[in-house]
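Residue numbers start at 1 and run along the sequence shown. First listed ligand is number 1; within each ligand, the first listed atom is number 1.
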Amino acid sequence: MRNLIGIEDFSTEEIDELIEVSKDIISNKEKYLEKCKGKILATLFFEPSTRTRLSFESAMLSLGGSVLGFSSADSSSTQKGETLADTIKVVSSYSDIIAMRHPKEGAPIVAANNSNVPIINAGDGGHNHPTQTLLDLLTISQEKGRLDNFTVGLCGDLKFGRTVHSLIIALSRYENIKFVLISPKELKIPEYLKQDFLDKKNIEYTETESLEENIDKLDILYMTRVQKERFLNEEEYVRLKDVYILDKQKLEKAKNDLCILHPLPRVNEISTEIDDDPRAAYFRQAEYGKYMRMAIILKLLNIK
Ligand code: NCD
C-alpha cells in the first residue's frame, strides 16, 4: 500500500505519469465518471482549507466515489482529547483512502503507521504539501509545455510556506532549474532544503530580498502568503505581511511569457489589478488541482 507523505514518495517517472493522467482526465472526463464507484474518501482537516479539501472531495465525486470527513479539529473528537492514532484507526475502517491536513509537522507519518488505507498528506504544519506541488507541476506543464530549463522565483514566506518546500524538492529533479529565493531575511528557506537538495545537487540559486531587481530574470514567479498562523509573534507578522505586493507596475519589467503562480489563498501579495493579465495563472492552477487530485486518488487506489 502506498501513501503520499512527501513528494519524495513518487519517482520522477511517477510524477510525469500523474501529469499525463491529469491531462487525459481534462480531455476525457466522461471516461473517469465511474472509476471509483463504491470507494470512500475521508477528508480529515485539522486546519482550515478551501481549495485542498473541496478539490479532493470534488475529485472523488467526479470519479463516482463518495466522501466523508470533518473540516476542523473542533468538530471532531480531537476536541475531547482523542489521539491522532486512534482517530485514524477508526476512520480507516470507514473509508478506502484518507486525505488529511494537520498543524503538526510529521503528523501524516503517525497516521500512516496507524492506517490500513492510503494516507495523503494535504499539508503538515510548515513542512510539506506534496499534492499542491503535483498540481503546481501540472500547471507549469500546461502553461509552459515543459518542466525543465527555467529560472524560478519563489517569493514571500519561504520559511513557513510548506508549498514552497515541496516545490523546491520536486523541481530540483528537473534539468537546468535555477532558483531565485526572494524573502525578507526572517523568512528564508530552512537550512535543510539548501543542504539536502540545492547544495547536494549543485543547483544554482540566489537569495535576495528584492522582487523588483529580479523579476526581469524569471520564467516562473511563485508568490506566497505570509503564513500568519505559524508566527509566534503577532508584531513580527504585521511587520512582514505586506513586504511583497505584486502589481502592474512591478510587472512592467517582467518577461512577456512569465507564468505567475500562487497556491492561494491570496491576502495582499498579489494586487487584483493583475488578475486579468494572461500571465496570471493562479486561478487556472486552482482548477488543475481537482484533476491532479483525481489522478492521485486513482494512483493510490491502484485503479487504471
Ligand atoms: C496553501 C497551504 O495550505 O499551505 N494553501 C493551499 O493548500 N492551496 C498555501 C497557504 O495557505 O498559504
Side-chain angles (χ1 to χ4, degrees), residues 4-7 22 41 43-59 69-73 98-108 119-140 153-171 181-184 186-187 189-190 193 220-231 237 240-246 259-270 275 280-297:
L4 175 53
I5 308 294
I7 194 70
S22 306
L41 165 75
T43 52
L44 308 188
F45 277 63
F46 298 88
E47 260 196 353
S49 169
T50 298
R51 272 149 294 272
T52 306
R53 185 173 62 85
L54 295 181
S55 68
F56 259 118
E57 297 191 352
S58 178
F70 52 79
S71 56
S72 86
I98 296 174
M100 64 171 280
R101 169 171 290 183
H102 201 281
K104 283 214 180 91
E105 313 196 341
I119 296 288
I120 302 171
N121 177 8
D124 62 327
H127 189 218
N128 281 170
H129 195 344
T131 68
Q132 178 69 43
T133 291
L134 290 166
L135 78 90
D136 295 341
L137 296 178
L138 170 62
T139 308
I140 295 170
L154 301 166
C155 179
D157 187 346
L158 309 187
K159 178 180 180 188
F160 297 120
R162 56 193 172 197
T163 65
V164 164
H165 304 161
S166 298
L167 187 60
I168 289 176
I169 298 172
L171 277 176
L181 305 172
I182 308 160
S183 75
E186 294 87 344
L187 299 177
I189 63 162
L193 282 170
I220 294 167
L221 172 57
Y222 196 95
M223 294 295 295
T224 63
R225 171 180 73 91
V226 176
Q227 306 281 296
K228 182 178 185 198
E229 64 275 37
R230 312 272 176 240
F231 279 75
Y237 167 70
L240 296 173
K241 70 184 171 68
D242 292 328
V243 247
Y244 302 107
I245 298 178
L246 182 64
C259 172
I260 307 166
L261 302 176
H262 190 308
L264 304 180
R266 130 178 86 187
V267 187
N268 279 329
E269 57 281 355
I270 299 184
D275 288 356
Y282 31 91
F283 287 109
R284 295 191 286 281
Q285 182 183 3
E287 184 185 346
Y288 293 140
K290 170 177 170 173
Y291 308 121
M292 177 48 83
R293 289 180 170 119
M294 289 171 78
I296 295 168
I297 291 170

**Side-chain donor-acceptor contact under 3.5 Å, His262 with Arg225** = no
**Prompt:** Applying the side-chain contact (heavy atoms from CB on, under 4.5 Å) test to Leu167, which of Leu171, Ile169, Thr163 qualifies?
**Reply:** Leu171
**Message:** Among all protein heavy atoms in this structure, tell me which lies nearest to atom 11 (O) of ligand 1, with the distance rounded to 0.1 Å.
**Reply:** Arg225 NH2, 2.8 Å
Decide yes or no for [X] and [Y]: does some side-chain heavy atom of the first lie under 4.5 Å from some side-chain heavy atom of the second?
| X | Y | result |
| --- | --- | --- |
| Thr131 | Met292 | no |
| Glu186 | Lys159 | no |
| Phe56 | Ile297 | yes |
| Tyr244 | Leu246 | no |

**Check: Asn121 side chain, Ile5 main-chain N or O, donor-acceptor pair, under 3.5 Å** = yes
**Message:** Under a 3.5 Å distance rule, please check whether Arg162 uses its side chain to pair with a backbone N or O of Gly125 as donor and acceptor.
**Reply:** yes
For [X], counting its heavy atoms only, list the atoms of ligand 1 lying under 4.0 Å from any of them.
| X | answer |
| --- | --- |
| Gln227 | 10 (C), 12 (O) |
| Arg101 | 3 (O), 7 (O) |
| Thr52 | 6 (C), 7 (O) |

Regarding ligand 1, does [X] bring an N or O atom to under 3.5 Å of one of the ligand's N or O atoms?
| X | result |
| --- | --- |
| Arg162 | yes |
| Gln132 | yes |
| Arg51 | no |
| Pro265 | no |

**Prompt:** Is the shortest distance from a heavy atom of Gly123 to ligand 1 less than 4.0 Å?
**Reply:** no
**Message:** Among Thr163, Asn128, Asp157, which one puts a heavy atom closest to atom 1 (C) of ligand 1?
**Reply:** Thr163
**Prompt:** When you measure from atom 9 (C) of ligand 1 to each heavy atom in Val267, Thr131, Leu264, which option holds the nearest one?
**Reply:** Leu264
